[in-house]
Amino acid sequence: AQTVTQSQPEMSVQEAETVTLSCTYDTSESDYYLFWYKQPPSRQMILVIRQEAYKQQNATENRFSVNFQKAAKSFSLKISDSQLGDAAMYFCAYRSGRHSNYQLIWGAGTKLIIKP
Amino acid sequence: GAVVSQHPSRVICKSGTSVKIECRSLDFQATTMFWYRQFPKQSLMLMATSNEGSKATYEQGVEKDKFLINHASLTLSTLTVTSAHPEDSSFYICSARGLGQAPYEQYFGPGTRLTVT
């Protein structure tokens with residue numbers, strides 16, 4: 001069975017600086033998707049970034065980028081120029097590439113605190 | 001992007017009563033919907049997966065008779081918590097995906113906070 005591990009329960013960063021959130025996963029599949037979701041105090045889940053396992057290039061969305069290391073099964077999220085609005089819970093998630101299985105496997109989450 | 005709504009956003013009910021939570025896809029046909037439960041400061045726990053017109057598939061440890069899921073149309077799924085007890089108090093989130101959408105696409109509702117007194 002697949003597992004997702006986020007080893008940092010909480011991280012803090014000074015506003016405007018860069019922070020990296022860690023995520024590792026375990027799978028025997030070669031085809032899969034990885035995601036970072038943000039859950040602000042409103043608790044609405046917001047997709048931050050997505051990575052397809054078959055793509056070698058790391059995904060980037062504005063200030064958010066990932067470091068995808070497939071062999072090491074590592075998928076970290078880098079947030080550049082941190083803003084107060086980035087404060088939230090961040091969840092790493094895995095989804096099998098099999099068409100019949102759309103379930104997301106979730107990490108425990110990392111609470112990100114932004115210091116003004 | 002696609003929009004998923006949930007109603008109510010928060011509900012308080014008395015112990016022993018039943019409460020229904022609705023999850024609607026507003027601008028797409030949701031062939032698959034997921035129901036999650038989230039306790040404070042914890043991750044999402046998948047309760048069940050429902051495909052339109054079929055019985056829901058429940059995760060291990062989730063009581064089927066207590067958490068009734070119905071996905072009778074392509075835009076609506078409901079979760080009914082029967083004979084609710086204080087330990088059922090939690091945040092319930094649904095997500096949905098539709099036919100023709102990319103395999104990685106899944107859209108989340110805003111959640112429902114259930115408090116059982």
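In what follows, every chain begins at residue 1, and chains take the letters A, B, ... in the order their sequences are listed. Owing to the predicted nature of the structure, the values given are computational and were not obtained by experimental measurement.
Atom CD of A/Q56 has 12 or fewer neighbouring heavy atoms from other residues, nucleotides or ligands inside a 6.0 Å radius. Residue A/K111 qualifies as open at atom NZ: its count of foreign heavy atoms under 6.0 Å is 12 or below. Within a 6.0 Å sphere centred on NZ of A/K78, heavy atoms belonging to other residues, nucleotides or ligands number 12 at most. Applying the 6.0 Å contact sphere to NE2 of B/H7 captures no more than 12 heavy atoms from other residues, nucleotides or ligands. Other residues, nucleotides and ligands contribute over 12 non-hydrogen atoms within 6.0 Å of the CD atom of B/E87.
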Sequence neighbours left out, cut at 3.5 Å: what donor-acceptor pairs do the side chains of residues 24-36 of chain A make with other protein atoms?
from	atom 1	to	atom 2	distance (Å)
A/Y25	OH	A/Y32	OH	2.6
A/T27	OG1	A/E29	N	3.1
A/T27	OG1	A/Y94	OH	2.7
A/E29	OE1	A/Y94	OH	2.4
A/E29	OE1	A/S96	OG	3.2
A/E29	OE2	A/S96	OG	3.0
A/E29	OE2	A/R98	NE	3.2
A/W36	NE1	A/F75	O	3.3

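Using a 4.5 Å heavy-atom threshold, the side chains of A/Q44 and B/I93 count as separate.
B/Q106 touches chain A through backbone and side chain together, each having a heavy atom under 4.5 Å away. Contacts of B/L44 with chain A are made by both backbone and side-chain atoms, with heavy-atom separations under 4.5 Å. When heavy atoms are compared at a cutoff of 4.5 Å, A/Q103 approaches chain B by way of both its backbone and its side chain. Using a 4.5 Å cut-off between heavy atoms, B/F34 contacts chain A through its side chain alone, with no backbone atom that close. Only the side chain of A/F91 comes within contact range of chain B, with heavy atoms under 4.5 Å apart. Both the backbone and the side chain of A/L104 come within contact range of chain B, judged by heavy atoms closer than 4.5 Å.
B/Y107 pairs by the side-chain hydrogen bond (donor to acceptor under 3.5 Å, both in side chains) definition with B/E105, not counting sequence neighbours.
For the 3.5 Å distance criterion, the side chains of A/R43 and B/Q38 qualify, holding a donor opposite an acceptor.
Annotation: residues 48-72 of chain B contacts chain A through B/T49, B/E59 [non-hydrogen atoms, separation under 4.5 Å].
Going from atom OG of B/S95 over to atom OH of A/Y37 covers 7.5 Å, rounded to the nearest 0.5 Å.
Annotation for B/S43 and A/G107: closest pair OG-O, 2.7 Å, computed over non-hydrogen atoms.
B/Y104 and A/L47 fall within a single hydrophobic cluster, where Ile, Leu, Val, Met, Phe, Trp and Tyr side chains are chained together by heavy-atom contacts under 4.5 Å. The hydrophobic cluster containing B/Y36 does not contain B/M45, counting ILVMFWY residues as joined when their side-chain heavy atoms lie under 4.5 angstrom apart, directly or transitively. One hydrophobic cluster holds both A/V4 and A/L77 under the rule that ILVMFWY side chains link at heavy-atom gaps under 4.5 Å.
If you chain together ILVMFWY residues whose side-chain heavy atoms come under 4.5 Å of each other, B/L76 ends up in a group of its own.
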